[in-house]
Amino acid sequence: MEAIKIYTTQKREKVSFDPLEPGKVRMYVCGPTVYDRCHIGHARPAVCFDTIRRYLEYAGYIVTFISNITDIDDKIINRANELGIDYAALATRYQDEYERDMSLLGVRSPTIRPKATEHIPEMIALVETLMEKGIAYTTSRGVWFDISKFEGYGKLSGRTTDDDTTEHRVEQDTEKRNKQDFCLWKASKPGEPAWESPWGPGRPGWHIECSAMGGKYCANQLDIHGGGADLTFPHHENEIAQSEAATGQEFARIWMHNGFITIAKEGEDEEKMGKSKGNAFWLHEVFADYPPAALRLWILGTHYRMPLKYAGESLASAASGLDRIYNCLEAVARAVGEKPAGKSGKGGKLSALAEDMDKKFRAAMNDDFNTPQALAVVYDTVGALNTAIKDKAASANISELAAVLTSHLSVLGLPLERPQTGGAEIDKLMELVIKIRETARKEKQYAISDQIRDGLNTLGITLEDRPGGTTWTMR
RNA sequence: GGCGACGUAGCCAAGUGGUAAGGCAAGGGUUUGCAAAAUCCUCAUCCAGCGGUUCGAAUCCGCUCGUCGCCUCCA
């Protein structure tokens with residue numbers, strides 16, 4: 001198998017992928033903090049890393065894909081207090097919403113989805129190790145990591161410890177030994193959620209869960225660790241420090257970071273997508289206007305590391321492209337259905353094309369998961385299939401090429417059929433309407449037949465007259 | 001102030017030394033009762049600007065301009 005090249009943040013270049021265990025991949029992707037609904041920003045890492053996982057499996061690897069849920073955190077506590085509900089109830093509610101939205105986007109569930117609150121003992125154990133090694137220390141506010149005790153601090157993000165000496169916008173904690181020391185275990189105030197620990201009641205620090213859970217499920221070493229570009233520093237830098245200081249082993253061999261989605265508001269410059277800036281685009285709102293698959297296709301249309309600008313009509317062209325794919329798949333089904341079996345024309349032009357398309361698809365994905373290029377292959381295959389159908393190629397050959405297309409669509413996590421919108425009653429109704437229109441057409445009553453078609457169109461139903469009869473689709 | 005990313009057609013977007021993929025939109029032909037879908041053709045002598053390296057650069061180097069991100073919660 002041809003080597004997969006992956007860009008890794010710590011080296012700022014592509015490296016050949018060579019997993020710790022041959023044929024197996026251990027990957028961990030930072031999941032959401034469940035304190036609110038999902039916006040389009042959440043969709044990008046989920047879709048990108050889901051696609052990467054799917055491709056690795058397509059390439060023959062057995063993938064252990066871990067993605068956590070942060071269900072204890074200051075934001076969750078604050079939000080729960082605002083709403084006057086229990087923090088755990090809030091977290092459960094938004095975890096459910098997250099999982100529902102991701103499922104609509106075709107994001108598969110991870111192999112393991114660990115929750116922070118279910119791994120408190122593992123985190124405490126990790127902090128204890130760091131205490132024993134003299135790398136962590138306590139203050140009145142909790143337990144802190146002493147970055148001066150970890151030589152490699154800054155190796156991921158390229159930041160040195162004395163970097164931002166000029167300006168720091170955070171109030172300094174005078175008990176800390178170094179300005180950038182970070183919290184491993186946070187002492188809880190009365191009334192706040194708390195777990196017992198050797199350092200008194202408290203809750204996990206900001207970064208410790210990923211080290212503890214990634215370590216637990218992956219024997220302390222990951223092949224790939226992923227997340228949004230904003231997590232590079234300090235989150236991932238701190239994960240490395242904690243994990244490697246504790247285990248003495250390299251925590252993750254490849255660090256992957258997806259670029260951000262920015263929002264272009266009319267008349268204003270683009271700015272980063274974020275709830276704090278009040279320009280959130282909630283997924284449930286986007287899904288009211290466009291099919292979730294269109295959002296997925298739109299995301300995959302840009303390389304995962306590039307910035308992605310979201311404007312109001314961004315998804316319209318993706319939705320059109322998606323329709324083109326559905327049209328093709330439906331045409332294939334009709335062509336193969338009309339002329340079943342047929343003699344297998346293996347070795348023909350279409351066989352060679354099928355092989356070629358798969359080769360190109362793999363080459364694109366092997367190059368740091370270049371989904372835009374992979375999509376170009378998909379569209380080329382669509383065009384070739386449409387032409388083959390037009391030229392009445394043998395259905396065995398059409399099927400062969402179509403099989404390549406559907407396997408590529410599956411790798412990209414795109415649906416293999418148009419979502420069904422009707423239902424049994426609408427089906428019957430449409431059958432009747434089409435029959436009546438058919439009669440009108442036979443009698444050349446085109447004014448009537450066109451009126452039916454135009455009328456349905458304004459209702460979002462498209463009629464298409466084909467040699468084999470009239471078909472309809474609903475938007 | 002430190003670190004980093006981006007600037008390719010009307011729009012989106014690949015392409016990291018050998019002469020500009022793909023999608024959307026648009027225009028024209030075929031097909032259709034008319035449409036839709038499909039198909040064929042057209043649509044960047046040029047890749048923010050200016051210099052440099054090279055036989056050769058969108059691709060490498062330098063500078064300039066513009067946009068954005070991280071350094072504080074953030075996917």
Side-chain angles (χ1 to χ4, degrees), chain A residues 9 12 14 29-33 35-36 38-49 73-75 78 154 157-160 162-171 180 206 226-235 237 257-262 264 269-277 297-298 301-303 305-309 311 313-325 327-328 330-331 360 364 367 370-380 382-383 385-387 389-391 441 444-447 449-450 453-454 457 462-467 470-473:
Chain A
T9 303
R12 318 251 167 195
K14 293 177 195 172
V29 176
C30 290
T33 299
Y35 70 104
D36 206 342
C38 301
H39 54 71
I40 57 171
H42 289 103
R44 172 107 106 144
V47 165
C48 290
F49 288 108
D73 163 271
D74 285 5
K75 290 191 295 297
N78 293 340
S157 59
R159 277 163 225 249
T160 55
D162 48 29
D163 251 0
D164 57 343
T165 47
T166 47
E167 269 183 282
H168 37 266
R169 288 162 281 182
V170 198
E171 216 179 296
Q180 294 187 21
W206 187 27
D230 59 317
L231 298 179
T232 309
F233 189 89
H235 185 57
E237 194 66 63
H257 293 99
N258 64 272
F260 261 69
I261 292 180
T262 56
D269 294 328
E270 63 191 274
E271 61 180 297
K272 182 180 154 186
M273 171 74 226
K275 289 181 275 255
S276 55
K277 301 202 174 171
L297 184 60
W298 175 71
T302 299
H303 184 87
R305 280 192 281 113
M306 292 296 118
L308 186 47
K309 191 166 59 184
E313 298 303 303
S314 292
L315 297 188
S317 92
S320 298
L322 193 61
D323 269 330
R324 185 149 165 242
I325 294 167
N327 287 339
C328 175
E330 286 164 5
K360 285 182 174 157
D367 185 14
N370 192 327
T371 53
Q373 228 161 49
L375 277 171
V377 175
V378 164
Y379 284 117
D380 283 346
V382 166
L385 276 168
N386 285 331
T387 301
I389 292 164
K390 182 171 67 81
D391 296 344
R441 290 183 68 215
K444 299 205 190 297
Q445 308 257 18
Y446 293 124
S449 68
D450 289 353
R453 187 177 59 200
D454 295 346
N457 197 259
T462 308
L463 293 188
E464 295 177 43
D465 299 321
R466 305 176 185 285
T470 300
T471 62
W472 64 279
T473 48

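So that the names make sense, note that chain A is the first sequence line, chain B the second, and so on, each numbered from 1. Computed from a predicted structure; not experimentally measured.
Within the 4.0 Å cut-off from OP1 or OP2 of B:C6, not a single side-chain nitrogen or oxygen of A:Arg305 is found. Distances shorter than 4.0 Å separate none of the side-chain N or O atoms of A:Arg159 from OP1 or OP2 on B:G2.
Checked against B:C24, B:A13, B:G4, the side chain of A:Arg12 finds its nearest nucleotide in B:G4. Of the listed nucleotides (B:A36, B:U39, B:A14), B:A14 has the atom at the smallest distance from the side chain of A:His303. Closest to the side chain of A:His39, from the set B:A75, B:G15, B:A13, is B:A75. Distances from the side chain of A:Thr33 to the nucleotides B:A21, B:A38, B:A75 place B:A75 closest. The side chain of A:Asn258 has B:A75 as its nearest neighbour among B:C24, B:A75, B:G4. Nearest nucleotide to the A:Lys390 side chain, out of B:U39, B:C12, B:A37: B:U39. Set against B:C71, B:A75, B:A14, the side chain of A:Pro45 has B:A75 as its closest nucleotide. The side chain of A:Glu464 has B:A36 as its nearest neighbour among B:A21, B:A36, B:C6. Checking B:C6, B:G22, B:C24 against the side-chain heavy atoms of A:Ser320 singles out B:C24 as nearest. Across B:C71, B:A14, B:A36, the shortest atom-to-atom separation from the side chain of A:Arg466 is found for B:A36.
A:Asn386 comes within 4.0 angstrom of the backbone, heavy atoms only, and of no base. A:Leu297 comes within 4.0 angstrom of nothing in the nucleic acid, heavy atoms only. At the heavy-atom level, A:Asp380 lies under 4.0 Å from the strands shown only through sugar-phosphate atoms. Counting non-hydrogen atoms under 4.0 angstrom, A:Ser449 reaches a base of the nucleic acid.
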Item to complete: Could you walk me through whether A:Thr33 and A:Asp73 pass side chain to side chain donor-acceptor pair (under 3.5 Å), step by step?
Response: CA-CA 8 Å; A:Thr33 299; A:Asp73 163 271; 4.8 Å; no
Item to complete: Evaluate the criterion salt bridge (charged side-chain N to carboxylate O under 4.0 Å, His left out) for residue pair A:Lys75 and A:Asp36; output intermediate values, then yes/no.
Response: CA-CA 9 Å; A:Lys75 290 191 295 297; A:Asp36 206 342; over 6 Å; no
Worksheet item: When you look at A:Thr462 and A:Asn457, which way does the side chain to side chain contact (heavy atoms under 4.5 Å, CB included) test go after all the steps?
Response: CA-CA 5 Å; A:Thr462 308; A:Asn457 197 259; 3.8 Å; yes
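Donor-acceptor pairing under 3.5 Å, judged by distance alone, is absent between the side chain of A:Arg44 and the base of B:A75. For A:Asn370 against B:G15, a side-chain-to-base donor-acceptor contact under 3.5 Å is absent. Scanning atom types as modelled, one donor and one acceptor separated by under 3.5 angstrom connect the side chain of A:Arg441 and the base of B:G33.
Between A:Asp367 and A:Lys14, at least one side-chain N (NZ, or NE/NH1/NH2) sits under 4.0 Å from a carboxylate O, which counts as a salt bridge.
The gap from the C1' atom of B:A21 to that of B:U30 amounts to 26 Å, rounded to the nearest Å. For B:U45 and B:U54, the P atoms lie 29 Å apart once the distance is rounded to whole Å. Comparing the P positions of B:G17 and B:G51 gives a spacing of 25 Å, expressed to the nearest Å. Of the C1' atoms belonging to B:C41 and B:U64, the separation is 42 Å, rounded to the nearest Å. As rounded to the nearest Å, B:A20 and B:C24 have P atoms that lie 23 Å from one another. Going from the P atom of B:A58 to that of B:U19 covers 11 Å, rounded to whole Å. Rounded to whole Å, the separation between the C1' atoms of B:A44 and B:A37 comes to 30 Å.
Separating the CE atom of A:Met306 from the C1' atom of B:C6 is a distance of 8 Å, rounded to the nearest angstrom. B:G33 atom C1' lies 13 Å from atom CD of A:Gln445, rounded to whole Å. B:A13 atom C1' lies 16 Å from atom CG of A:Asp367, rounded to whole Å. Between A:Ile261 atom CD1 and B:U67 atom P there is a gap of 22 Å when expressed in whole angstrom units. Atom-to-atom, NZ of A:Lys75 to C1' of B:A75 comes out at 11 Å; the value is rounded to the nearest Å. In this structure, A:Ile389 atom CD1 and B:U39 atom P are separated by 9 Å, rounded to whole Å.
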Worksheet entry | Intra- and inter-strand pairs of RNA chain B in dot-bracket (Watson-Crick or G-U wobble, both distances under 3.5 Å; | for another strand) | (((((((..(((.....[...))).(((((.......))))).....(((((..]....))))))))))))....
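Formation of a donor-acceptor pair under 3.5 Å by the A:Arg44 side chain with backbone atoms of A:Gly259 is found in this model. A donor-acceptor pair under 3.5 Å links the side-chain atoms of A:Ser320 to the main chain of A:Ala316, judged by distance alone.
Mapping A:Lys14 and A:Pro32 onto RNA chain B by nearest heavy atom places A:Lys14 closer to the 5' end of the strand. With RNA chain B read from its 5' end, the first of the two nearest nucleotides for A:Trp206 and A:Asp323 is the one closest to A:Asp323.
Here the straight-line distance linking atom CD1 of A:Ile261 with atom CG of A:Leu308 works out to 5.0 Å at 0.5 Å rounding.
Remark: the A:Glu464 side chain and the A:Thr471 side chain contain no N/O donor-acceptor pair separated by less than 3.5 Å.
A:Tyr446 qualifies as a stacking partner of the B:G33 base, centre to centre under 5.5 Å and near-parallel within 30°.
Taking the side chain as every heavy atom from C-beta outward, A:Ser314 and A:Trp298 approach each other to under 4.5 Å.
Applying the salt bridge (charged side-chain N to carboxylate O under 4.0 Å, His left out) test to A:Asp380 and every residue at least two apart in sequence or in another chain returns nothing.
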